[in-house]
Amino acid sequence: MPELPEVETVVRGLDKYLPGKKIVSVDFDWPKSFPNSQQYIDNYLLGASVVGLRRRGKAIIIDLDTEYSLVIHLKMTGQLVYRGAEQRFGAGHPSQSLQGALPDKSTRVTFKLVDSSGKASKLFFNDQRKFGWARLLPTIELPSINFLKKMGPEPLAETTTADVFMSSVVRRKNSKIKAVLLDQTVIAGIGNIYADESLWLAKIHPEQPVNKISNSKMNKLFTQIKDVLELSINSGGSTDKNYVDADGNKGSFLTFANVFRRQGQACKRCGETIVKLRVAGRGTHICPKCQRLLK
DNA sequence: CACTTGACCTGTCCGC
DNA sequence: TGCGGACAGGTCAAGT
């Protein structure tokens with residue numbers, strides 16, 4: 001599930017609640033979801049306070065005052081949901097989070113926290129498919145952790161200009177553009193939804209090799225990537241099935257989707273029927289009229 | 001090196 | 001109603 005906009009929404013939500021809170025216990029029943037040793041947890045996690053939240057690509061980083069950080073990847077079905085008294089959900093609150101208590105059967109890790117006045121709260125890491133993970137690492141070592149070290153530029157960073165995007169993408173000039181967008185070492189944070197959406201916006205066929213796409217189209221694609229990611233962040237992300245934000249709310253971006261999961265429906269631009277194909281092993285949605293494969 | 005496939009897991013949906 | 005297979009937002013590793 002969660003791609004850059006969803007992860008960004010989770011981080012912004014947690015940033016309202018976690019800083020200053022102290023972690024007093026952690027429970028997990030699926031070791032792969034939290035593969036640190038008990039000694040490591042005792043020494044660097046328990047008793048530590050949260051100093052800040054960050055996102056890098058699709059990774060969530062929770063920095064602690066022990067100079068260690070919790071790095072969390074939600075993969076396909078992960079959720080990080082906070083429950084504390086300060087949320088004050090009233091009757092009619094749009095949050096889904098009061099529907100069904102946590103922990104539930106998808107809860108893999110439960111963090112218990114206290115604030116400076118001793119008031120208790122909890123952070124639940126839920127993950128139906130168990131692909132996701134949370135892991136405690138020394139903060140100073142994060143830049144040398146393999147997947148963070150190799151990760152490509154952040155599409156929404158000011159320093160990531162169109163030129164930066166182009167020079168990163170050309171490393172895979174013979175590859176299909178969709179596979180390139182999904183490659184986190186080329187550009188960070190794009191997944192299946194936003195790859196399909198940005199390619200439709202830029203009128204590029206997902207199987208088009210990079211070296212057959214003009215510079216002006218690539219520039220347009222980069223602009224559309226940023227626009228679609230920002231629109232989704234402003235919509236609270238995409239909820240296809242599992243995704244919820246830190247309060248347990250669903251995202252509404254998919255109501256704006258032009259192609260994703262719209263196979264059989266009319267293209268909003270030309271009226272042609274949207275079709276679904278398989279590109280780079282992933283379900284892929286295109287308008288066959290707007291997105292032609294060029295020789 | 002580029003590309004494909006299988007693996008990691010659970011749950012849901014669809015056809016028989 | 002049951003069963004088998006395909007498929008699902010993401011990444012790795014291993015094979016061709």
Side-chain angles (χ1 to χ4, degrees), chain A residues 1-10 28-35 55-60 71-80 100 103-109 125-135 145-152 169-199 206-212 225 228-229 232-233 235-245 250-264 276-285:
Chain A
M1 76 88 35
E3 307 179 30
L4 187 154
E6 292 74 35
V7 176
E8 178 67 22
T9 304
V10 168
F28 52 97
D29 64 353
W30 184 258
K32 286 184 181 176
S33 296
F34 196 78
R55 177 189 62 73
R56 179 71 176 101
K58 300 173 191 173
I60 297 165
V71 182
I72 300 168
H73 201 302
L74 302 175
K75 290 288 181 84
M76 301 278 261
T77 57
Q79 306 174 331
L80 268 183
D104 64 20
K105 62 195 280 193
S106 76
T107 301
R108 308 299 169 205
V109 189
F125 174 32
N126 305 326
D127 186 17
Q128 179 186 93
R129 288 175 71 181
K130 299 180 175 176
F131 291 165
W133 46 265
R135 196 166 168 206
I145 301 302
N146 209 23
F147 88 103
L148 290 174
K149 183 172 65 183
K150 295 194 323 198
M151 196 175 286
V169 162
V170 293
R171 291 192 287 111
R172 297 196 49 186
K173 53 185 162 50
N174 297 312
S175 305
K176 296 169 181 174
I177 183 63
K178 175 154 178 176
V180 176
L181 294 181
L182 294 176
D183 181 344
Q184 301 299 295
T185 71
V186 170
I187 183 87
I190 299 174
N192 211 30
I193 296 175
Y194 305 106
D196 282 6
E197 290 298 316
S198 56
L199 288 168
E207 295 180 298
Q208 197 70 52
V210 165
N211 61 6
K212 299 282 178 53
I225 286 168
V228 78
L229 293 176
S232 183
I233 290 170
S235 310
S238 297
T239 295
D240 179 40
K241 187 167 166 46
N242 290 278
Y243 169 74
V244 294
D245 68 13
K250 297 182 178 186
S252 63
F253 172 79
L254 284 185
T255 62
F256 302 107
N258 291 297
V259 282
F260 189 78
R261 293 284 160 81
R262 290 196 69 247
Q263 63 269 29
K276 182 175 180 182
L277 34 147
R278 191 155 279 267
V279 179
R282 312 297 304 278
T284 298
H285 312 76

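Heavy-atom basis, side chains included; hydrogens, waters and symmetry copies ignored. In what follows, chains are A, B, ... by sequence order, proteins preceding strands, each numbered from 1.
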*Got a sec, which residues hit salt bridge (charged side-chain N to carboxylate O under 4.0 Å, His left out) with A/Lys178, two or more places apart in sequence or on another chain?*
A/Asp196
*Worked verdict on A/Ile233 versus A/Phe253 for side-chain contact (heavy atoms from CB on, under 4.5 Å)*: CA-CA 8 Å; A/Ile233 290 170; A/Phe253 172 79; over 6 Å; no
*To the nearest angstrom, how far is A/Ile60 atom CD1 from C/dG9 atom P?*
19 Å
*Find the distance A/Asp196:CG to C/dA8:C1' and express it as a whole number of Å.*
14 Å
*Under the side chain to side chain donor-acceptor pair (under 3.5 Å) rule, collect the residues that match up with A/Ser198, sequence neighbours excluded.*
none
*Say you pick atom P in B/dT4 and the same atom in C/dC7; how far apart are they, in whole Å?*
16 Å
*Whether A/Trp133 and A/Phe147 hold their rings parallel, tilted or perpendicular, with breakpoints at 30° and 60°*: perpendicular
*Measure the distance from CG on A/Asn126 to C1' on C/dG9 and round it to the nearest whole Å.*
16 Å
_Tell me the interatomic distance from A/Leu254, atom CG, to C/dA8, atom P, rounded to whole angstroms._
14 Å
Sort me out a list of protein N/O and nucleotides 3-5 of chain B N/O pairs below 3.5 Å, or just none if empty.
{"from": "B/dC3", "atom 1": "OP1", "to": "A/Asn174", "atom 2": "O", "distance (Å)": "3.0"}
{"from": "B/dC3", "atom 1": "OP2", "to": "A/Ser175", "atom 2": "OG", "distance (Å)": "2.2"}

*Could you spell out the base pairing of DNA chain B in dot-bracket, with Watson-Crick or G-U pairs whose two distances are under 3.5 Å, [ ] crossing and | to another strand?*
.|||||||.|||||||
*Separation between the P atoms of C/dC3 and B/dC9, rounded to whole Å*: 24 Å
*asked:* Using 0.5 Å steps for rounding, measure from the CD atom of A/Glu6 to the OH atom of A/Tyr194.
replied: 3.5 Å
_From C/dC7, C/dC12, C/dT11, nucleotide with atom closest to A/Phe147 side chain_ = C/dC12
*Write down the distance separating the P atoms in C/dG9 and B/dC13, rounded off to the nearest Å.*
15 Å
_Listed partners of A/Gln208 passing side chain to side chain donor-acceptor pair (under 3.5 Å), at least two apart_ = none
*Between C/dC12, C/dT11, C/dG9, spot the one nearest the side chain of A/Tyr243, thanks.*
C/dG9
_side-chain contact (heavy atoms from CB on, under 4.5 Å) assessment of A/Leu254 paired with A/Phe260_ = CA-CA 8 Å; A/Leu254 284 185; A/Phe260 189 78; 3.9 Å; yes
*Check every strand shown and say whether A/Asp240 touches a base, only sugar-phosphate, or nothing at a heavy-atom separation below 4.0 Å.*
base
_Base contacts versus sugar-phosphate-only contacts with protein, heavy atoms under 4.0 Å: please encode nucleotides 6-13 of chain B as B, S and - from 5' to 3'._
--BBBSS-
_From CG of A/Leu182 over to P of C/dC12, roughly how many Å is that when rounded to an integer?_
13 Å
*Expressed in whole Å, how much space separates the P atoms belonging to B/dG6 and C/dG5?*
14 Å
*Separation of A/Ile177 atom CD1 from B/dA2 atom P, in whole Å?*
14 Å
*Taking side chain as C-beta onward, heavy atoms only, is A/Val186 less than 4.5 Å from A/Arg171?*
yes
*Whole-Å distance between C/dG9 P and A/Gln79 CD?*
17 Å
*Please round to the nearest 0.5 Å and tell me the distance separating atom CD of A/Glu197 and atom CZ of A/Arg262.*
9.0 Å
*Across the strands shown, which category fits A/Lys150 at heavy-atom distances under 4.0 angstrom: base, sugar-phosphate, nothing?*
nothing
_Please report the interatomic distance NZ(A/Lys32) to CZ(A/Arg135), rounded to the nearest 0.5 Å._
14.0 Å
*A/Glu8 CD to A/Asp245 CG distance, which is reported to the nearest 0.5 Å*: 12.5 Å
*asked:* Once rounded to the nearest 0.5 Å, what's the spacing between atom CD1 of A/Ile187 and atom CG of A/Leu181?
replied: 8.5 Å
*What is the distance, rounded to the nearest whole Å, between atom NE2 of A/His285 and atom C1' of C/dG9?*
11 Å
*OP1, OP2 of C/dT11 versus side-chain N and O of A/His73: anything below 4.0 Å?*
yes
